[in-house]
Amino acid sequence: MVPKSVLKEISPCVWEIPDSYRNDMRVPARVYASERMLGQIVRDRSLEQLVNVATLPGIVNHALAMPDVHEGYGFPVGGVAAFDYDEGIISPGGIGYDINCGVRLLRSSLVKDEVRTRMAEIGKAIRIDVPSGVGKGGMLSLKGKQIDAVLEGGAKRMLELGYALEADIDHIESGGRLDAADAASVSDHAKARGHDQLGTMGAGNHFVEVEYVSAIYDETEAERMGLFRNQVCVMIHTGSRGLGHQVATDYIRLMNGSLGKFGFALPDRELACAPFRSPEGQSYWKAMSAAANFAWANRQLITWEIREAWKRVFGSDENLELLYDVAHNIAKIETHTVGGVRKKLVVHRKGATRAFPGQPVLIPGSMGTGSYVLCGREAAMQKSFGSSCHGAGRTMSRTRARKETNAETLLCQLSAQGIIVEAGSKAGLTEEAPAAYKDVDEVVAVIDDCGIAKKVARLKPLAVIKG
DNA sequence: ATGTCC
């Protein structure tokens, strides 16, 4: 464990672990957090994991942790690490098992008071149209070349198939498609797991939520994003399902086997990686891009399903427009200024959101607490490779949350707040108890205060549909 | 997160 005394506050809410802390660190580590939050952060292994990340070949500037950081597989969740394109590595653990887990926000033209009495109905309709649960299949069953077209075309393939509007594509990070994707780098096993999973939610922290705009912090940005007070919106949180999980599994195994060849001695085997330019690194990059495209296609088909449900309940004139869609678990090739020089980097975001200047940043809180819309600021480029936090962040393991939460009590608490809950399983519900998460208001305040992204609007839940 | 252990 990294003791709190090692961390020095170098500016408000920015804490540094110097590279002298351990002799294998190549760069310092930095944490964005309030002092109170730092007290929570030092209680798990996330900072030790962050120090481990700082030892990886080709890392530039700092290994970064956002205020929602917590322990993950090898790399902490809520972490950002950028590696030199030519000299650096790519690591599946730095992206996560759920490749391109992410969030998308749809806005309606309805206001809260018009829909209050219809929430049970829309909750059930979404629950029926968007299948959820571990291993669950959906409305499409893709075969052979059909799945390859989705892996290489992402959300744009869904447009060709009639499940997207032209305008949707312009409001997705990277246009909902990474060009590097190559279906041939994805195993048949991964394709088999994913072939019927488009348009499905999954389980764990994945959800669909009907929310309303409860506060506006920046009128100009809110107007630009088409948001207004009491407006009803829909948030979708899911990823690449079994397909992405299998891609991660396949390449962690492959890269563990090639560590010796590259002469890598890692402080933790969970950091399995390969030089980005190596055959292993390139294969994973192409497969990760394909899985990311699959996730964008998934959120797109879910959008189509929700639009159908929405029209059934609220009438055919009612539509849902895509505000934005962001990835939370992904690596990207980006150019950033490092030491005054423009450099091509492989930016790993694991439980972190891209937050380029002017870009909408979507941050869901824990179940029942609602979400934030922020807007990326110029300073993010220097402070965090244009990245923000991605959510509230866990303070309790799934097991502990399940042990300490009573499902009935939790349901009562949510319904007392007027929130409709459609839950797939009681175990799944208790794992996501708000008590198992940090306070999203506090997490977002750090991001706002340190100038990474500014608060635009807050949304509160009306109906929660969970896996 | 995940056909929650090949």
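Quick note on labels: first sequence line is chain A, next is B, and so on, each numbered from 1.
Electrostatic pairing of K124(A) and E422(A) counts as a salt bridge here, judged by a charged N lying under 4.0 Å from a carboxylate O. Under 4.0 Å is where a charged nitrogen must lie from a carboxylate oxygen, and between E334(A) and R349(A) at least one such pair does. Using a 4.0 Å cut-off between charged nitrogen and carboxylate oxygen, R157(A) and E152(A) do not count as a salt-bridge pair.
Regarding Y73(A), its OH atom lies at a distance of 17 Å from the P atom of dT4(B), rounded to whole Å. Here dT2(B) presents its P atom at 20 Å from OH of Y251(A), a figure rounded to the nearest Å. Per the geometry, CD belonging to Q246(A) stands 13 Å off C1' belonging to dC5(B), to the nearest Å. Nucleotide dT2(B) holds its C1' atom 17 Å from the CD1 atom of I95(A), rounded to whole Å. Rounded to an integer number of Å, the gap from CD1 of I99(A) to C1' of dT2(B) is 12 Å. L243(A) has its CG atom 12 Å from the P atom of dT2(B), to the nearest Å. The OH-C1' distance, from Y97(A) to dT2(B), rounds to 9 Å in whole Å. Atom NZ in K136(A) sits roughly 14 Å away from atom P in dT2(B) (whole-Å rounding).
As judged by a 4.0 angstrom heavy-atom cut-off over every strand, E431(A) is placed among residues making no nucleic acid contact. At a threshold of 4.0 angstrom between heavy atoms, the contacts of G96(A) with the nucleic acid are absent. Residue contacts for A248(A): at a heavy-atom cut-off of 4.0 Å it reaches no nucleic acid atom on any strand shown. H189(A) comes within contact range of at least one nucleobase, with a heavy-atom separation under 4.0 Å.
A search for salt bridge (charged side-chain N to carboxylate O under 4.0 Å, His left out) contacts involving D170(A) returns nothing, not counting sequence neighbours.
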